[in-house]
Amino acid sequence: VIGRILSGKPIAAAVLQSVTERAGSLISCGIRPQLAFVMHGASPPAQVYAARLERQGERVGIQVARRELPEDVSIAALEAEIAALNADDAVDGILVQMPLPPHLLGIDLSSIIDPRKDADGITIQNAGRLYLGLPGQAPPTALAVMQILHAASVKPTGRHAVLVGRSNVVGHPVAELLLLLDATVTVTHRQTDDLGAFTRQADILVVAAGEPRLITADMIRPGVVIVDAGINVTPEGIVGDVDFEACKEVAGAITPVPGGVGPVTNAVLLRNVVSSAERRGG
Ligand code: ADP
């Protein structure tokens with residue numbers, strides 16, 4: 001079948017349904033799962049994101065608590081805030097607003113967030129556990145890509161998965177997760193010569209490059225399953241890294257942007273929080 005659209009919404013809904021049940025069991029034992037969202041400044045996009053997180057959390061039984069720090073917060077003060085959240089037994093997950101402004105780039109979040117509260121899967125321990133194939137908490141976007149492949153009944157074993165992008169939150173962890181499922185994995189990036197020569201070999205193509213319409217229809221082979229993790233704000237609206245309209249005529253299945261990876265990512269973030277809450281105190 002050509003052109004199947006992999007909408008993220010039903011997949012997210014199924015994840016949230018199970019999160020709601022798990023949070024409900026915790027609440028009936030007196031444990032209210034809580035995610036702390038640490039903000040530096042209050043830019044409109046960050047406010048929109050925080051409000052959406054709060055609303056979604058409320059729906060599934062997870063309390064989302066904003067920690068609003070000033071825009072010019074120092075590294076030391078941000079570190080102190082994270083240390084306080086690490087020590088607070090009522091907090092199950094810690095999420096720091098991204099991207100960091102230039103004056104905060106020196107902070108090493110990967111070392112200071114308690115790995116047990118690492119909702120975004122960015123700590124050294126969780127990255128190491130992923131690399132070693134041990135249970136841990138991976139980045140939500142990477143898990144969302146895997147959730148979509150699973151929901152689409154894609155079996156990665158023996159298939160050629162090609163990643164476009166090697167970021168710590170998408171390309172790199174997805175490569176590890178696909179290797180764990182016995183795919184043959186190729187990771188491409190900005191310096192790759194002749195990108196199309198690789199993408200045309202893909203049975204599974206996962207794109208997270210931050211380049212609008214980087215992947216065109218001539219760069220894919222018929223029947224490929226495409227997961228587009230790109231979110232690019234352009235004058236024509238939000239678009240992915242894949243030329244969706246043209247590629248959907250060639251691909252076997254493809255995620256739209258928006259409405260594909262994004263909603264699943266939010267759901268998986270909340271699932272990470274509930275997983276942390278289940279481990280609370282034990
Ligand atoms: P994200 O947060 O979506 O993963 P990043 O900006 O952190 O995005 O990383 C972008 C990744 O995409 C990098 O690994 C970069 O090498 C890759 N990339 C960017 N542009 C291209 C391109 N034109 N061709 C191939 N890879 C690219």
Side-chain angles (χ1 to χ4, degrees), residues 1-24 33 35 49 52-53 55-62 64 93 95 119-121 130 135-157 159 161-165 167 169-171 173-178 180-181 183 202-208 215 223-232 238-242 244-245 247-248 251-276 278:
V1 195
I2 295 284
R4 192 172 147 216
I5 308 302
L6 301 173
S7 170
K9 280 166 204 160
I11 301 169
V15 171
L16 290 173
Q17 171 67 35
S18 120
V19 169
T20 306
E21 287 162 16
R22 290 166 64 186
L35 171 66
Y49 180 69
R52 180 184 311 144
L53 208 55
R55 228 181 311 120
Q56 212 159 37
E58 205 164 310
R59 245 180 262 142
V60 302
I62 293 176
V64 175
L95 181 67
D120 232 1
L130 176 58
Q137 225 151 242
T141 310
L143 291 173
V145 170
M146 302 307 291
Q147 192 79 35
I148 289 169
L149 291 174
H150 177 75
S153 302
V154 175
K155 305 271 180 289
T157 305
R159 314 305 300 280
V162 177
L163 286 299
V164 181
S167 77
V169 289
V170 198
V174 171
E176 297 297 339
L177 289 163
L178 284 167
L180 289 172
L181 296 181
D203 300 310
I204 299 166
L205 182 63
V206 178
V207 192
I215 305 301
V224 60
V225 175
I226 303 180
V227 180
D228 185 353
I231 297 177
N232 306 292
I238 293 176
V239 302
D241 294 346
V242 177
F244 178 81
E245 287 305 324
C247 288
K248 79 178 192 326
I254 182 169
T255 59
V257 178
V261 175
V264 185
T265 299
N266 294 336
V268 170
L269 172 71
L270 295 171
R271 187 176 67 192
N272 275 353
V273 176
V274 105
S275 298
S276 289
E278 287 168 348

J.: To check you understand the geometry: which heavy-atom pair defines the closest contact between A161 and A183, and what is its length?
T.: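 Scanning both residues completely, I find the closest heavy atoms to be CB-CB, 4.2 Å.
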J.: Does the side-chain contact (heavy atoms from CB on, under 4.5 Å) test come out yes or no for V225 and R159, once each step is laid out?
T.: CA-CA 11 Å; V225 175; R159 314 305 300 280; over 6 Å; no
J.: Could you grab the distance from atom CG of L269 to atom CG of L143, nearest 0.5 Å is fine?
T.: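 Output value for this atom pair is 10.0 Å.
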J.: Specify the closest pair of heavy atoms between R22 and S275, including all atoms of both residues, with the distance to one decimal.
T.: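 Result for this residue pair: NH2-OG, 3.0 Å.
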J.: Can you check whether D241 reaches V164 side chain to side chain, under 4.5 Å on heavy atoms?
T.: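 Contact flag for D241/V164 side chains = no.
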J.: Compare every heavy atom of L53 with every heavy atom of V64, then report the nearest pair and how far apart it is.
T.: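 Residues V64 and L53, closest heavy atoms: CG2-O, 3.5 Å.
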J.: To the closest 0.5 Å, what do you measure between OG1 (T265) and CD (Q147)?
T.: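 So the gap between those two atoms works out to 10.5 Å.
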J.: To the nearest 0.5 Å, how far apart are CG in L178 and OG1 in T157?
T.: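 Reported to 0.5 Å precision, the distance equals 10.5 Å.
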J.: Does N272 use its side chain to pair, donor to acceptor, with the backbone of A138 at less than 3.5 Å?
T.: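 At least one qualifying donor-acceptor pair exists.
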J.: Looking only at non-hydrogen atoms, find the nearest pair between I238 and P258 and report the distance.
T.: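 Shortest heavy-atom separation between I238 and P258 comes out as O-CD, 3.8 Å.
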J.: Can you tell me how far CZ of R271 sits from CD1 of I62, rounded to the nearest 0.5 angstrom?
T.: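 If I round to the nearest 0.5 Å, the distance is 11.5 Å.
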J.: As a test of understanding, state which of L177, I204, L6 forms a side-chain contact (heavy atoms from CB on, under 4.5 Å) with L149.
T.: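 The passing option is I204.
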J.: Can you measure from CG (L16) to CD1 (I11) and round to the nearest 0.5 angstrom?
T.: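 Output value for this atom pair is 12.0 Å.
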J.: With a 3.5 Å distance limit and no angle check, can you tell me whether D120 reaches the backbone of P139 through a side-chain donor-acceptor pair?
T.: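 No, because the side chain of D120 does not come within donor-acceptor range (under 3.5 Å) of the backbone of P139.
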J.: Kindly indicate whether the side chain of D228, heavy atoms from C-beta on, has any atom under 4.5 Å from the side chain of I254.
T.: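 No. Closest side-chain heavy atoms not under 4.5 Å.
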J.: If you take all heavy atoms of V154 and P156, which pair is closest and at what distance?
T.: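 Smallest interatomic distance, heavy atoms only, reads O-CD, 3.2 Å.
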J.: At their closest point, which heavy atom of A202 faces which heavy atom of V162, and how far apart are they?
T.: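 Taking A202 first and V162 second, the nearest heavy atoms are CB-CG2, 3.6 Å.
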